[in-house]
There are 2 protein chains.
Amino acid sequence: MKYSKATNYALHTMLYLVSAAPNKPIGVQLLAERQGVSPTYLSKILTKLVKADLIESASGANGGYRLKRKQEEISFLDIIHAIEGTASLFDCTLNHSSKCLIQQEMVEAERQMEQYLQNKKMSELAGKMTVD
Amino acid sequence: MKYSKATNYALHTMLYLVSAAPNKPIGVQLLAERQGVSPTYLSKILTKLVKADLIESASGANGGYRLKRKQEEISFLDIIHAIEGTASLFDCTLNHSSKCLIQQEMVEAERQMEQYLQNKKMSELAGKMTVD
DNA sequence: TCAATCAAAGACTTTATTAATCTATAATAG
DNA sequence: CTATTATAGATTAATAAAGTCTTTGATTGA
Ligand code: SF4
Ligand code: SF4
């Protein structure tokens, strides 16, 4: 069990957008170069972030991506959910009883992690880290 | 990102062993039947649990598997780690700075989940759940 | 001792998921 | 219009998970 590389790219891209000038859209070309990934691939990842309403895109010359919300309103969890989806990490296909303790505990454990990630906002990274 | 099916099998097997008579080893045949999985495959999973010192095995007639520790000394996390390994969920291959906040937060979030799972022991399931 | 029973190990195959590419289409600024 | 940039979908490649098959080794008890 691992976070996908896509999530990694998404987090780094968001970090970069956070530390960039807020009103100048940044093209996928540049974002991809920095991370050593192909523009077309990063593009699909960013489209997910757009659909999750975390960033917005502009087509055409001088277009690109920029934050749609304030830094303090974007959490790690938002980004992760946008890429990985929101389904539970533990899936018991059978699911016979709502009182199943295994499932309950696994879900609660996950909730603990998500709670932490939800409280971590992009604003905490801004300035405190340089993107490379 | 999902827990593997192997983890699911491991948890269910442990639950079954917990609710079984502690001194009579149970063969993989029976354990596999209950879960609708092939004995040889389950066997490799159980071998991991043996190596993690959670259960012990006996070869030969009347052999099989049984708990090696007390119920209250086996946590969900023990089982999960035995199957999934202990590597971090988030891997940044670059890893340039020990001060990287992204990595720090991701690791800390995971720690929250693990802490919860470490406190959940098999003894909490015993009796409260029927295996099916 | 020997045959039946059971676990361990390793090589292998199949299936599923993730990662990535390629190509075509749509939007927009200048 | 045309250059630029995002979106979408189909497709391929790479990696990981799931599962099978076969052999070996240990143990029991007849
Ligand atoms: S016991 Fe719980 S986790 Fe297992 S199959 Fe039933 S509902 Fe799912
Ligand atoms: S910024 Fe942090 S997470 Fe990203 S590559 Fe560097 S060390 Fe890894």
Side-chain angles (χ1 to χ4, degrees), chain A residues 1-13 17 23-33 35-68 80 82-85 87 89-93, chain B residues 1-13 17 23-33 35-68 80 82-85 87 89-93:
Chain A
M1 186 172 64
K2 288 264 163 201
Y3 284 105
S4 66
K5 286 193 179 187
T7 291
N8 189 311
Y9 296 143
L11 285 169
H12 283 81
T13 300
L17 291 181
N23 282 329
K24 291 177 185 160
I26 300 173
V28 73
Q29 188 86 18
L30 178 61
L31 294 165
E33 249 171 46
Q35 304 185 52
V37 61
S38 87
T40 43
Y41 183 44
L42 187 60
S43 170
K44 340 185 71 163
I45 294 168
L46 296 196
T47 298
K48 285 190 182 180
L49 296 177
V50 169
K51 294 214 167 114
D53 234 45
L54 302 178
I55 60 179
E56 63 188 354
S57 66
S59 281
N62 302 320
Y65 299 90
R66 67 184 151 192
L67 292 191
K68 189 160 182 190
I80 293 168
I83 307 299
E84 306 268 347
L89 296 184
F90 180 77
D91 61 348
C92 112
T93 37
Chain B
M1 185 172 63
K2 287 265 162 199
Y3 283 107
S4 66
K5 287 193 178 187
T7 291
N8 189 312
Y9 296 143
L11 285 168
H12 283 82
T13 300
L17 291 181
N23 283 330
K24 290 177 187 161
I26 300 173
V28 73
Q29 189 87 16
L30 178 60
L31 293 165
E33 247 171 49
Q35 304 186 54
V37 61
S38 86
T40 41
Y41 183 43
L42 187 60
S43 170
K44 336 183 76 165
I45 294 168
L46 296 195
T47 298
K48 284 189 183 181
L49 295 177
V50 169
K51 293 213 167 116
D53 234 43
L54 301 178
I55 61 180
E56 63 187 354
S57 67
S59 282
N62 303 321
Y65 299 91
R66 66 183 153 193
L67 292 191
K68 188 159 185 192
I80 293 168
I83 307 299
E84 306 269 348
L89 296 184
F90 180 77
D91 61 346
C92 113
T93 37

Which pair of non-hydrogen atoms, one from [X] and one from [Y], has the smallest distance, and what is that distance?
{"X": "Met1(B)", "Y": "Leu89(A)", "value": "O-CD2, 3.2 Å"}
{"X": "Leu11(A)", "Y": "Phe90(B)", "value": "CD1-CE1, 3.8 Å"}
{"X": "Cys92(B)", "Y": "Asn8(A)", "value": "CA-ND2, 3.7 Å"}
{"X": "Ala82(A)", "Y": "Leu49(A)", "value": "CB-CD2, 3.9 Å"}

Does [N] have OP1 or OP2 sitting under 4.0 Å from an N or O in the side chain of [X]?
{"X": "Asn62(B)", "N": "dT27(D)", "answer": "no"}
{"X": "Thr40(A)", "N": "dT23(C)", "answer": "no"}
{"X": "Ser57(B)", "N": "dA7(C)", "answer": "no"}
{"X": "Tyr41(B)", "N": "dT13(C)", "answer": "no"}

Taking only the side-chain heavy atoms of [X] (C-beta and beyond), determine which of [options] contains the nearest atom.
{"X": "Lys44(B)", "options": "dA8(C), dA11(C), dA6(D)", "answer": "dA11(C)"}
{"X": "Ser59(B)", "options": "dA6(D), dT20(D), dG25(D)", "answer": "dG25(D)"}
{"X": "Ser43(B)", "options": "dA27(C), dA26(D), dA8(C)", "answer": "dA8(C)"}

Completion exercise
The residue, Met1(A) or Thr47(A), whose nearest nucleotide of DNA chain D is more 5′ is Thr47(A)
Exercise for the section: Would you kindly compare Glu84(B) and Lys51(A) by the position of their nearest DNA chain D nucleotide and give the one closer to the 5′ end? Expected result: Lys51(A)
[X] [atom1] to [N] [atom2], straight-line distance once rounded to whole Å:
{"X": "Leu31(B)", "N": "dC6(C)", "atom1": "CG", "atom2": "C1'", "answer": "13 Å"}
{"X": "Ile55(B)", "N": "dA7(C)", "atom1": "CD1", "atom2": "P", "answer": "10 Å"}
{"X": "Leu42(A)", "N": "dA8(D)", "atom1": "CG", "atom2": "C1'", "answer": "16 Å"}
{"X": "Leu30(A)", "N": "dT4(D)", "atom1": "CG", "atom2": "C1'", "answer": "15 Å"}
{"X": "Leu17(B)", "N": "dA7(C)", "atom1": "CG", "atom2": "C1'", "answer": "14 Å"}
{"X": "Ile45(B)", "N": "dT20(D)", "atom1": "CD1", "atom2": "C1'", "answer": "13 Å"}
{"X": "Ile83(B)", "N": "dG19(D)", "atom1": "CD1", "atom2": "P", "answer": "13 Å"}
{"X": "Glu56(A)", "N": "dA27(C)", "atom1": "CD", "atom2": "P", "answer": "17 Å"}

Fill in the blank from the handout: Nearest-nucleotide check on DNA chain C, Ala61(A) vs Lys5(A); residue mapping nearer the 5' end is Lys5(A)
Practice task
Select base, sugar-phosphate, or nothing to describe what Val37(B) touches, counting heavy atoms under 4.0 Å on all strands.
Solution key: nothing
Exercise for the section: Quick one: label Tyr9(A) by what it contacts on the DNA or RNA (base, sugar-phosphate, nothing), any heavy atom closer than 4.0 Å. Expected result: sugar-phosphate
Practice task
For the pair Glu84(A) (side chain) and Ser4(A) (backbone), establish whether a donor and an acceptor sit closer than 3.5 Å, ignoring hydrogens and angles.
Solution key: yes
